[in-house]
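Chain naming here is simple, since letters A, B, ... match the order of the sequence lines and numbering starts at 1 in each.
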Amino acid sequence: AQSVTQPDIHITVSEGASLELRCNYSYGATPYLFWYVQSPGQGLQLLLKYFSGDTLVQGIKGFEAEFKRSQSSFNLRKPSVHWSDAAEYFCAVGVIKAAGNKLTFGGGTRVLVKP
Amino acid sequence: NAGVTQTPKFRVLKTGQSMTLLCAQDMNHEYMYWYRQDPGMGLRLIHYSVGEGTTAKGEVPDGYNVSRLKKQNFLLGLESAAPSQTSVYFCASIRGGSHLRDRGRNTEAFFGQGTRLTVV
């Protein structure tokens with residue numbers, strides 16, 4: 001069965017500093033990878049996704065992520081954090097099975113932004 | 001397009017009461033899901049449906065029932081609410097299908113805004 005691990009539960013970063021959120025997955029076949037963001041009291045919004053091709057993918061709000069098959073990782077990055085980036089971030093792996101397509105989430109990383 | 005709509009947005013229940021959460025999607029998606037979100041535990045799958053008239057159990061199905069009588073609607077029921085069911089519930093839909101060309105898109109999920117349920 002597939003699984004997703006986000007090793008960092010909380011990260012605090014200063015406004016203007018760079019941010020990197022780690023995501024490791026376990027899945028035997030081709031993974032379809034996603035990052036979602038959840039602002040306080042809100043639903044989940046898709047930041048970016050990796051299906052195939054270029055391993056560096058660009059998303060909304062200035063985020064990017066790099067797929068590294070050898071490390072089973074899909075880390076999210078942003079060069080310069082804004083106060084509005086304070087939120088919880090979820091990495092997910094999508095799989096296609098005969099019994100139905102599924103999305104498995106990591107436990108999430110909460111990002112706090114210091115002024 | 002409204003996307004995925006959940007009702008209600010907030011609810012307080014007394015222990016032992018019952019209620020139904022409604023999820024509606026207007027994207028003609030095949031697959032629908034109910035997750036619960038609890039602090040530090042991410043999103044855990046309760047039940048899901050791969051098509052009209054079908055349902056299946058997820059990771060944490062106990063205490064919940066679901067129905068998918070119409071393709072666009074997925075209902076989550078709590079027959080006898082317990083304080084342990086205090087949570088935020090999210091519905092999601094996925095287009096579904098396994099056509100090779102669209103495989104990645106067939107796993108992209110669209111979420112509702114959530115229902116915050118408190119059981120006292």
Side-chain angles (χ1 to χ4, degrees), chain A residues 1-10 21 23 25 27 29-55 57 59-60 67 74 87-110, chain B residues 2-6 9-10 23 25 29-51 54-60 68 74 88-116:
Chain A
Q2 66 277 8
S3 65
V4 180
T5 302
Q6 294 179 245
D8 305 304
I9 297 174
H10 293 101
L21 304 183
C23 172
Y25 69 90
Y27 184 56
T30 303
Y32 302 103
L33 297 161
F34 306 86
W35 274 100
Y36 286 85
V37 61
Q38 184 182 30
S39 298
Q42 301 296 311
L44 279 76
Q45 180 184 22
L46 181 66
L47 274 179
L48 48 77
K49 56 196 176 189
Y50 171 77
F51 294 156
S52 64
D54 194 347
T55 56
V57 294
I60 62 172
F67 169 59
F74 189 55
E88 190 157 19
Y89 293 79
F90 293 93
C91 181
V93 59
V95 300
I96 296 177
K97 294 185 175 180
N101 299 355
K102 285 188 180 180
L103 203 62
T104 300
F105 288 86
T109 298
R110 186 171 296 279
Chain B
V4 180
T5 304
Q6 291 182 233
K9 290 185 171 49
F10 303 93
C23 177
Q25 52 94 4
H29 284 178
E30 290 295 328
Y31 301 155
M32 296 186 74
Y33 305 80
W34 276 107
Y35 289 90
R36 61 177 288 173
Q37 183 183 29
D38 303 291
M41 305 190 76
L43 282 84
R44 293 181 293 168
L45 183 63
I46 304 171
H47 285 282
Y48 64 102
S49 167
V50 300
T54 73
T55 62
K57 294 180 180 180
E59 293 177 68
V60 288
R68 183 106 179 262
F74 193 32
V88 181
Y89 292 85
F90 286 99
C91 176
S93 70
I94 293 178
R95 189 170 77 177
S98 60
H99 190 281
L100 186 61
R101 182 185 64 198
D102 295 328
R103 275 196 158 191
R105 289 163 184 78
N106 291 338
T107 60
E108 182 179 342
F110 294 80
F111 284 84
Q113 289 300 300
T115 297
R116 185 173 295 276

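Across every non-hydrogen atom of A:Gln38 and B:Phe90, the tightest pair is NE2-CZ, 3.1 Å. Minimum interatomic distance between A:Leu103 and B:Tyr35 (heavy atoms only, all atoms of both residues): O-OH, 2.8 Å.
Between chain A and the residues B:Met41, B:Gln37, B:Gln6, the most heavy-atom pairs under 4.5 angstrom are made by B:Gln37. Of the listed residues (B:Gly51, B:Ala109, B:Gly112, B:Gly114), the one with the most heavy-atom contacts under 4.5 Å to chain A is B:Ala109.
Checked against a 6.0 Å centroid threshold, the rings of B:Tyr33 and A:Phe105 do not count as neighbours.
Neither the backbone nor the side chain of B:Glu59 comes within contact range of chain A, judged by heavy atoms closer than 4.5 Å. Proximity to chain B (any heavy atom under 4.5 Å) is shown, for A:Gln6, by neither the backbone nor the side chain. The parts of A:Leu44 that come within reach of chain B are both its backbone and its side chain, each placing non-hydrogen atoms under 4.5 angstrom from that chain. Contact of A:Tyr50 with chain B is not made at all, since no heavy-atom distance falls under 4.5 Å.
With rounding to the nearest 0.5 angstrom, the CZ atom of B:Phe110 is 7.5 Å from the CG atom of A:Leu46.
For B:Arg116, the CZ atom is loosely surrounded, since the number of other residues' heavy atoms within 6.0 Å does not exceed 12.
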